[in-house]
J.: 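If you scroll down you'll find the structure; I have some questions about it.
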Amino acid sequence: MKTRVLKINDVESDCSAILEAARLIQAGEVVAFPTETVYGLGANALDAAAVQKIFEAKGRPSDNPLIVHISKRQDVDRLIKELPSSAITLMERFWPGPLTMIFKKSPLIPDAVTAGLDTVAIRMPRHPVALRLIECSGVPIAAPSANRSGHTSPTMAQHVLDDLDGRIPLILDGGRCDVGLESTVLDMTAEVPTILRPGGITYEMLMQVLGEVRVDDGALKPVKKQQVKSPGMKYTHYAPHAQVVVVRGEPHQMVARINVMAEEYAKQGMKVGILATQETKAYYKEGQVLVLGSRKQPATMASNLFWVLRRFDELGVDIVLAEWIETKDEGLAIMNRILRAAAFRVIEA
Ligand code: AMP
Ligand code: MG
């Protein structure tokens with residue numbers, strides 16, 4: 001299959017490309033499209049056969065459910081059984097945006113979307129291309145991140161092409177994703193709304209609105225398969241080809257430890273990458289240093305993370321030594337992704 005890439009500079013003047021993508025969705029095909037979080041690989045969420053094509057193109061395990069994307073608040077009503085009042089408050093505050101909520105599903109949602117669960121994850125993205133595509137398709141769009149399963153999520157059309165060229169018919173190129181990390185997944189069916197996957201809408205932001213929010217244990221720790229609430233959490237995720245090791249400690253201790261490790265690995269003939277921050281970058285002596293951003297701006301660090309991980313691959317590094325980032329605000333989502341990329345290998349500085 002030939003994969004076409006259509007550039008969208010403006011949803012009005014490039015509407016023919018979006019219409020073409022919408023026709024593919026209506027015909028039961030898959031299309032990659034930009035959202036504010038990462039690129040998604042979408043199909044008609046009400047068509048089980050179309051949804052199946054997403055799993056095939058990605059090589060995604062069939063027990064990992066998809067998020068259903070909508071373009072209007074009312075679209076949610078026929079997709080779920082009940083809408084708690086707290087969810088309405090959250091929709092008013094954070095939709096469209098990087099917040100996914102989990103509800104009891106209506107029979108309209110095929111099992112292929114939810115991997116057989118009786119709940120469904122729903123989000124209204126705020127990217128104009130995503131919103132227009134859903135609107136023009138006239139159906140909700142089920143979409144996971146548009147990468148090969150287990151690989152780093154794509155934040156540019158080129159990343160999608162790197163992973164899925166020849167496996168999907170069309171990519172809409174809307175430039176770089178600004179949030180750069182996947183949405184926050186919030187379970188609204190739990191007694192207290194629970195963050196299953198931290199993302200662009202932070203714990204602190206949700207607390208301000210709800211007053212009580214839990215963070216699932218799996219956010220920063222490996223979870224036992226039997227206890228997994230969000231099936232996506234049990235897979236090694238976001239992994240670049242290089243091995244990743246996280247170093248935790250006070251900034252000066254981390255730098256010192258990383259410098260020692262970098263020297264050792266370099267002596268063994270390995271090409272070393274260092275995932276650094278603005279505040280620490282000047283102190284590294286060895287290796288390919290890439291900067292995530294300033295520790296004072298976790299949202300910027302979040303938006304750079306996947307891009308930087310892919311850059312290490314392009315540079316051909318064998319091992320990435322990553323600094324621990326403080327887990328407040330977007331830092332929680334950043335460490336959730338880095339720890340998975342590292343398969344939870346953490347060294348105390
Ligand atoms: P992705 O779209 O690749 O970013 O992955 C979607 C994430 O949402 C995965 O971690 C899924 O496990 C999670 N998810 C989707 N639907 C549900 C659901 N019904 N219950 C719990 N987690 C879900
Ligand atoms: Mg994904």
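Whatever order the structure lists them in is the order used to number ligands and atoms, beginning at 1. Not measured: the values here are computed from a predicted model.
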J.: Find all atoms of ligand 1 within a distance of less than 4.0 Å from any non-hydrogen atom belonging to S145, and give their numbers and elements.
T.: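 Reading through ligand 1 atom by atom, the close ones are 1 (P), 2 (O), 3 (O).
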J.: Is there a side-chain contact between R295 and I325 in this structure, where contact means two heavy atoms from C-beta onward sitting under 4.5 Å apart?
T.: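 Counting from C-beta outward, R295 and I325 do come under 4.5 Å.
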J.: Is there a path from L117 to I102 through hydrophobic residues (I, L, V, M, F, W, Y) whose side chains come within less than 4.5 Å of each other?
T.: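 No.
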J.: With atom 6 (C) of ligand 1 as the reference point, say which of T189, L196, I67, D216 has the nearest heavy atom.
T.: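 Heavy atom nearest to atom 6 (C) of ligand 1 belongs to I67.
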J.: Regarding Q158 and D162, do their side chains bring together a donor and an acceptor under 3.5 Å, going by distance alone?
T.: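 Yes.
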J.: Within the stated cut-off of 2.8 Å, is an N/O/S atom of S149 closer than that to the Mg ion (ligand 2)?
T.: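 Not a single backbone or side-chain N, O or S atom of S149 is under 2.8 Å from the Mg ion (ligand 2).
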J.: Considering only heavy atoms, which of R60, E182, R123 lies nearest to atom 5 (O) of ligand 1?
T.: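 It is R60 whose heavy atom sits nearest to atom 5 (O) of ligand 1.
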J.: Heavy-atom contacts with L117 under 4.0 Å: which atoms of ligand 1 show up? List them by number with element.
T.: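 Here the atoms of ligand 1 in question are 18 (C), 19 (N), 20 (N).
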J.: Show which atoms of ligand 1 fall inside a sub-4.0 Å distance from at least one heavy-atom site of I102.
T.: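 What qualifies from ligand 1 is 17 (C), 18 (C), 20 (N), 21 (C), 22 (N), 23 (C).
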J.: Under 4.0 Å from a heavy atom of N64: which atoms of ligand 1 are those, numbered in the order shown and with their elements?
T.: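 Listed by number with element: 9 (C), 11 (C), 12 (O).
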J.: Is T114 close enough to touch ligand 1? Criterion: a residue heavy atom under 4.0 Å from a ligand atom.
T.: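 So T114 does not count as touching ligand 1.
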J.: Pairing donors with acceptors under 3.5 angstrom, does anything connect the side chains of R337 and S153?
T.: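 Not at all, the side chains of R337 and S153 share no donor-acceptor pair under 3.5 Å.
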J.: If we set the cut-off at 4.0 Å for heavy atoms, which region of K105 has an atom near ligand 1: side chain, backbone, both, or neither?
T.: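 Within the 4.0 Å criterion, K105 makes no contact with ligand 1.
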J.: For the pair E82 and K104, evaluate salt bridge (charged side-chain N to carboxylate O under 4.0 Å, His left out) and give the outcome as yes or no after the intermediate values.
T.: CA-CA 7 Å; E82 56 194 296; K104 291 276 178 211; over 6 Å; no
J.: Of all residues at least two apart in sequence or in a different chain, which pass the salt bridge (Lys or Arg N to Asp or Glu O under 4.0 Å) check with D187?
T.: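 Salt bridge (Lys or Arg N to Asp or Glu O under 4.0 Å) list for D187, sorted by chain: empty.
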J.: Consider every N or O of T119 and every N or O of ligand 1, then say whether any pair is closer than 3.5 Å.
T.: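 Among all N and O atoms of T119, at least one is under 3.5 Å from an N or O of ligand 1.
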J.: Could you check E182 against S145 for side chain to side chain donor-acceptor pair (under 3.5 Å), going step by step and ending with a plain yes or no?
T.: CA-CA 8 Å; E182 301 86 345; S145 49; 4.8 Å; no
J.: Please work out which of the three classes, parallel, tilted or perpendicular, describes the rings of H69 and F33, given edges at 30° and 60°.
T.: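 Perpendicular: the ring planes of F33 and H69 meet at over 60°.
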J.: Going by the atom numbers of ligand 1, which of them fall below 4.0 Å from some non-hydrogen atom of R197?
T.: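 The atoms of ligand 1 under 4.0 Å from a heavy atom of R197 are 1 (P), 4 (O), 5 (O), 6 (C), 7 (C).
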